[in-house]
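What follows is a set of notes on a single structure, which appears directly below.
Atoms considered below: every heavy atom in the structure, side chains included; atoms not considered: hydrogens, waters and symmetry mates.
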Amino acid sequence: MSQLIDMKNIGLQAADMVDVEKGRVKKELYSNPEIFEEELDRVFNNTWVFVGHESEVPEAGSFKTAYIGRQPVILSRDRKMNLHVLQNRCRHRGATVCEARKGKTKAFTCPYHGWGYGLDGSLRALPKPEEYDGVFDKSEMPLESLRVESYQGMVFATFNNDIEPLEEFLGGAKKWIDLFMKQGGGYPVKVLGEHRFNFPGNWKIQLENTTDAYHFPIVHKSFVSSLDDATADIFDFLDGEGFVEDLGNGHSVMVMIPQLVDLEADLEQPIPERFSALAQALRDEGKSEDEVKKLVRAAHGTGFNLNLFPNVSCSMAFFRVLRPVSVGETEIQHVALGGDGAPDAFNHKRMRLHEHFQGPMGFGTPDDGEAWERVQKGSMAGTDGWILVNRGMSKLRTSEDGNPQGAVCSETGMRGAYQQYKKMMAAAEEK
């Protein structure tokens, strides 16, 4: 019992380290291993967590492996095209039943003793079944499944069967997911590829980054210098009309380029000269002028970043997925997006843009990674334990949707995420 009380106190202590009213959090939230372990339970095991996109499991038998916190799971599509999220753990002795990142299969087979499971997790076969006569029935030993729901092709799962439906959890973020998915250019959005890397820092450092425009002209100066003058001007947005809005439940949106929020608006405008090569390539593939305008505008991504608490962002033209590994280590997955059935020239351009900024040899990822690492190192210094997330607090306004909103360089989104974090960490355990 004392251990339960101690762990409960750790959750409450972590909640007390978040002072949203003053816009600050304790640096121990980045470095305390006991708090990290409690976060895995109270946050990642008790809310909707992004596990993949439906395009990654397009056919019956398709699967991909993922994690919820540190727990390995499998996203699969059965013969009836139903989606399942299964714990990646054999019911016999606990070995993982799938190690491939993605693929297609008829069944999942444990490599230790050969127990075989269907795509829906049901136990189908096991060696020497007669030895289990009178011990248990196969129907009682499927892979344990999670509650799973999707929105606009984004698949989420949860261990908590009692929480609200996914669409209710997403709330005000649904509007922005709808807008984000318009970058398929009239085609369904699909995953084109991905790359992963680990950085030596806490997961919340990355969570803060996606709606932090303040760092952009400093950290990404080399990226801006690689652009043509017209595009560089577009990315000079700190004094523009953009904003950061708290969407509730820890979600937030940062609008950097307002004219690129709705990619299907103002399509009557002429195509800018700098996009003429892409436009001609699309014409060469037989696309009408209206289609060309729509595809050219969509190809370069949206003008906003959308953060979905706790582990995924829809960031201009890609998904960024975080996975907490330890208190001082986080895995990042960057997922390139294109159009399913879209012209080759369109998807080729999307990949090149992804490589330019988010790719492992791009301008953005290495610079961001160094900044995150230095925040983690710096959090170990000194006795002044407060980290500030208070920028823009005195200049908040109410958005047209009734949400707190600040200037594009405000830290409104970070405070929204920490408000949800504080709520979840303070929640009493039901034992």
Determine yes or no for a side-chain-to-main-chain donor-acceptor pair under 3.5 angstrom, with Q376 supplying the side chain and Y30 the backbone. yes
Does the side chain of E289 come within less than 4.5 Å of I271's, by heavy atoms? yes
Is it true that a side-chain atom of E38 and a backbone atom of I10 form a donor plus acceptor pair closer than 3.5 Å? no
Using 0.5 Å steps for rounding, measure from the CD atom of E28 to the CE atom of M380. 9.0 Å
Any sub-3.5 Å donor-acceptor pair from K349's side-chain atoms to A299's backbone N or O? no
Check the pair I177 / L308 against side-chain contact (heavy atoms from CB on, under 4.5 Å), numbers first and verdict last. CA-CA 10 Å; I177 297 174; L308 301 177; 4.0 Å; yes
Ignoring hydrogens and angles, state whether a donor on the side chain of Q183 or R350 is under 3.5 Å from an acceptor on the partner side chain. yes
Donor-acceptor side-chain pairing of T412 and S410 below 3.5 angstrom: yes
Can a side-chain donor-acceptor contact be found between T158 and N160 if the only test is distance below 3.5 angstrom? no
Got a donor-acceptor contact below 3.5 angstrom from the Y117 side chain to the R91 backbone? yes
Taking S76 for the side chain and L119 for the main chain, is one N or O donor matched with an acceptor at less than 3.5 Å? yes
Return the CG to CD1 distance between L86 and I74, rounded to the nearest 0.5 Å. 6.0 Å
Less than 4.0 Å between a side-chain N and a carboxylate O, is that true for K102 and E194? yes
ring-ring contact (aromatic ring centres under 6.0 Å, His included) contacts touching residues 323-343 (sequence neighbours left out): H195-H334, F197-H334, F318-H334
Any side-chain to backbone donor/acceptor pair from D19 onto K22? Under 3.5 Å, distance only. yes
So is K26 actually on top of W386's ring, under 6.0 Å and inside 45° of the axis? yes
Indicate whether the side chain of K204 and that of N202 have a donor and an acceptor atom separated by less than 3.5 Å. yes
Quick one about E291 and S288 (side-chain donor to acceptor, distance below 3.5 Å, no hydrogens or angles considered), yes or no? yes
Any side-chain heavy atom of N307 sitting closer than 4.5 Å to one from L207? yes
Please step through side-chain contact (heavy atoms from CB on, under 4.5 Å) for the pair V327 and N32, ending with a clear verdict. CA-CA 7 Å; V327 68; N32 186 313; 5.6 Å; no
Under 3.5 Å: donor-acceptor pair, side chain of K422, backbone of A15: yes
For R320 and N209, test the side chains for any donor-to-acceptor distance below 3.5 angstrom and give the result as yes or no. yes
Is a side-chain donor-acceptor pair under 3.5 Å present for S399 with E245? yes
Looking only at heavy atoms, which two atoms of N161 and R147 are closest? And how far apart? O-NH1, 3.1 Å
Check the side chains of N9 and Q13 for a donor-acceptor pair under 3.5 angstrom, ignoring hydrogens and angles. no
Distance in Å, M424 CE paired with R42 CZ, rounded so as to fall on 0.5 Å steps: 10.0 Å
Could you check I35 against M17 for side-chain contact (heavy atoms from CB on, under 4.5 Å), going step by step and ending with a plain yes or no? CA-CA 11 Å; I35 289 176; M17 293 179 182; 3.8 Å; yes
Side chains of E167 and E149: closer than 4.5 Å at any heavy-atom pair? no
Ignoring hydrogens and geometry, is there a side-chain-to-backbone donor-acceptor pair from R415 to V20 under 3.5 Å? no
Tell me if the aromatic rings of F346 and Y187 count as close, with their centers under 6.0 Å from one another. no
Is the shortest side-chain heavy-atom distance between S55 and D340 below 4.5 Å? no
Enter the distance from R77:CZ to E56:CD here, rounded to the nearest 0.5 Å. 11.0 Å
Under 4.0 Å between a side-chain nitrogen and a carboxylate oxygen: does that hold for E355 and R352? yes
Shortest non-hydrogen contact between A66 and V51, atoms and distance: CB-O, 3.6 Å
State, with a plain yes or no, whether a side-chain heavy atom of T302 is found less than 4.5 Å away from one of L179. no
Counting only N and O atoms by type, is there a donor-acceptor contact under 3.5 Å from the side chain of E411 to the main-chain atoms of R391? yes
Pair D246-S252, side-chain donor/acceptor within less than 3.5 Å: no
Check whether more than 12 heavy atoms from other residues, nucleotides or ligands sit under 6.0 Å from atom CZ of R397, and answer yes or no. yes
Please determine whether a side-chain nitrogen of the Lys or Arg among R70 and E331 lies less than 4.0 Å from a carboxylate oxygen of the Asp or Glu. no
Considering only heavy atoms from C-beta outward, does the side chain of I163 approach that of W48 to under 4.5 Å? yes
side-chain contact (heavy atoms from CB on, under 4.5 Å) between L143 and Q87: does it pass, once the steps are laid out? CA-CA 6 Å; L143 295 177; Q87 292 190 40; 5.9 Å; no
Applying ring-ring contact (aromatic ring centres under 6.0 Å, His included), which residue pairs with at least one partner in residues 293-312 are found, sequence neighbours left out? W176-F304, F275-H300
Which atom names give the shortest non-hydrogen contact between L263 and G301, and what distance separates them? CD2-O, 3.6 Å
Taking all non-hydrogen atoms of both residues into account, name the closest pair between P324 and L40 and its distance. CG-CD2, 3.9 Å
Quick check on the 6.0 Å ring-centre criterion: do F44 and W203 meet it? yes
Quick one: pull up OG1 in T330 and CD1 in I332 and give me the separation to the nearest 0.5 Å. 6.0 Å
Any heavy-atom pair between the side chains of Q333 and R323 that's under 4.5 Å? no
Closest non-hydrogen atom pair between P310 and L322, with its separation: O-CD2, 3.8 Å
E273, CD: over 12 other non-hydrogen atoms inside 6.0 angstrom: no
Nearest heavy-atom contact between R79 and A60 is CA-CB, 3.8 Å
Spacing of K182 atom NZ and L260 atom CG [to the nearest 0.5 Å]: 13.0 Å
When you measure from the side chain of D120 to the backbone N and O of S122, does any donor-acceptor pair fall under 3.5 Å? yes
For the residue pair F319 and F50, is the inter-centroid distance of their aromatic rings smaller than 6.0 Å? yes
Taking side chain to side chain contact (heavy atoms under 4.5 Å, CB included) as the definition, give me every residue that meets it alongside E373, ordered by chain and number, with sequence neighbours left out. P200, K377
Just so I know, are the side chains of N45 and Q71 near enough to count as touching, which here means a heavy-atom distance under 4.5 Å? yes
